Amino acid sequence: MGVTGTGATVWLTGLPSAGKTTIAQALAGRLRGDGHRVEVLDGDEIREFLSAGLGFGREDRHTNVQRIGFVAELLASNGVKVLVPVIAPYADSREAVRKRHEARGTTYLEVHVATPVEVCSVRDVKGLYAKQAAGEISGLTGVDDPYEAPELPDLRIETQDHTVEDSAALLTALLVERGLL
Ligand code: ADP
């Protein structure tokens with residue numbers, strides 16, 4: 001199997017509005033253009049179907065991440081490059097996903113989209129930071145809910161210092177370095 005058929009999971013973890021989805025979509029476009037099989041497992045879509053009914057407490061967030069990890073691993077072990085722009089705030093949840101990939105001999109890469117909360121809350125793509133500030137919601141990751149930043153991610157992207165294209169290029173370089181492209 002050539003590199004176009006080499007599967008892997010690339011998990012993009014970070015705060016809301018950090019740029020996870022934007023970078024994943026930009027990379028997906030590039031990869032598809034080059035003939036790779038790509039899936040983006042979007043967090044909101046997953047919560048509507050696969051994780052319908054789950055909330056945002058620690059246990060439900062963990063369960064959500066394990067379900068997504070399971071699907072990602074299935075796809076990745078069948079030659080798909082799986083991009084996962086999902087917050088995944090807890091280190092032990094991410095570690096469990098990594099372990100399951102390793103047990104099957106499937107590549108798992110962790111990318112910390114490390115945009116500071118001060119920048120994320122100004123971007124506020126979905127209006128969540130404003131709602132939290134207004135007291136309409138609580139349990140927002142990075143504000144009044146935990147975010148355990150990866151200590152040793154495969155790549156850290158500080159999006160406030162880069163364009164979207166630059167960010168996607170950094171990720172592409174990682175995939176090349178790991179022999180996936
Ligand atoms: P998330 O999926 O992490 O919640 P989104 O990707 O939905 O975040 O939103 C990130 C916002 O930040 C978008 O409006 C995007 O255009 C903007 N942005 C600015 N610079 C970058 C960058 N270098 N990488 C990714 N997104 C960026």
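Indexing begins at 1, ligand by ligand and atom by atom, following the structure's order. Values below: all heavy atoms of this structure, side chains included; hydrogens, waters and symmetry mates excluded. All of these numbers come straight from a predicted model, not from anything done at the bench.
Regarding atom 27 (C) of ligand 1, its nearest protein heavy-atom neighbour is Val164 CG2, 3.7 Å. Protein heavy atom at the shortest distance from atom 22 (C) of ligand 1 is Thr159 CB, 3.5 Å. The protein non-hydrogen atom at the shortest distance from atom 2 (O) of ligand 1 is Thr21 OG1, 2.5 Å. Regarding atom 15 (C) of ligand 1, its nearest protein heavy-atom neighbour is Thr22 OG1, 3.7 Å. Protein heavy atom in closest approach to atom 23 (N) of ligand 1: His162 O, 2.8 Å.
At a threshold of 4.5 Å between non-hydrogen side-chain atoms, the residues Tyr90 and Val65 do not count as touching. Between Arg61 and Pro89 the shortest side-chain heavy-atom distance falls below 4.5 Å.
If you check each of Pro85, Ser17, Gly19, Gly14 against atom 26 (N) of ligand 1, the one with the closest non-hydrogen atom is Gly19.
Counting heavy atoms under 4.0 Å from ligand 1, residue Ile157 does not touch it at all. The part of Arg123 lying near ligand 1 is the side chain, judged by heavy-atom distances below 4.0 Å.
Checked for salt-bridge contact, Lys99 and Glu102 miss the test: no charged N lies under 4.0 Å from a carboxylate O. Residues Arg58 and Asp92 are paired through a salt bridge, judged by an N-O separation under 4.0 Å between the basic side chain and the carboxylate.
Residues Thr115 and Thr159 have side chains that bring a donor and an acceptor to within less than 3.5 angstrom of each other.
A donor-acceptor pair is defined here as one N or O able to donate and one able to accept, closer than 3.5 Å; such a pair exists between the side chain of Asp42 and the backbone of Asp44. Checked by atom type and distance alone, the side chain of Arg47 pairs as donor or acceptor with a backbone atom of Gly55 at under 3.5 Å.
Ligand 1 has no nitrogen or oxygen under 3.5 angstrom from a nitrogen or oxygen of Val125. Checking only distances, Lys126 never comes within under 3.5 Å of ligand 1, N or O to N or O.
For ligand 1, the atoms sitting less than 4.0 Å from at least one non-hydrogen atom of Ser167 are 22 (C), 23 (N), 24 (N), numbered in the order shown with element in parentheses. In summary, the atoms of ligand 1 found under 4.0 Å from a heavy atom of Pro16, numbered by their order in the structure, are 4 (O). Counting atoms of ligand 1 from 1 in the listed order, those under 4.0 Å from a heavy atom of Ile23 are 24 (N), 25 (C).
Minimum heavy-atom separation, Leu83 to Ala28: CD1-N, 3.8 Å.
Annotation: the span from Tyr108 atom OH to Arg94 atom CZ amounts to 7.0 Å, rounded to 0.5 Å.
At least one heavy atom of Leu15 sits closer than 4.0 Å to an atom of ligand 1.
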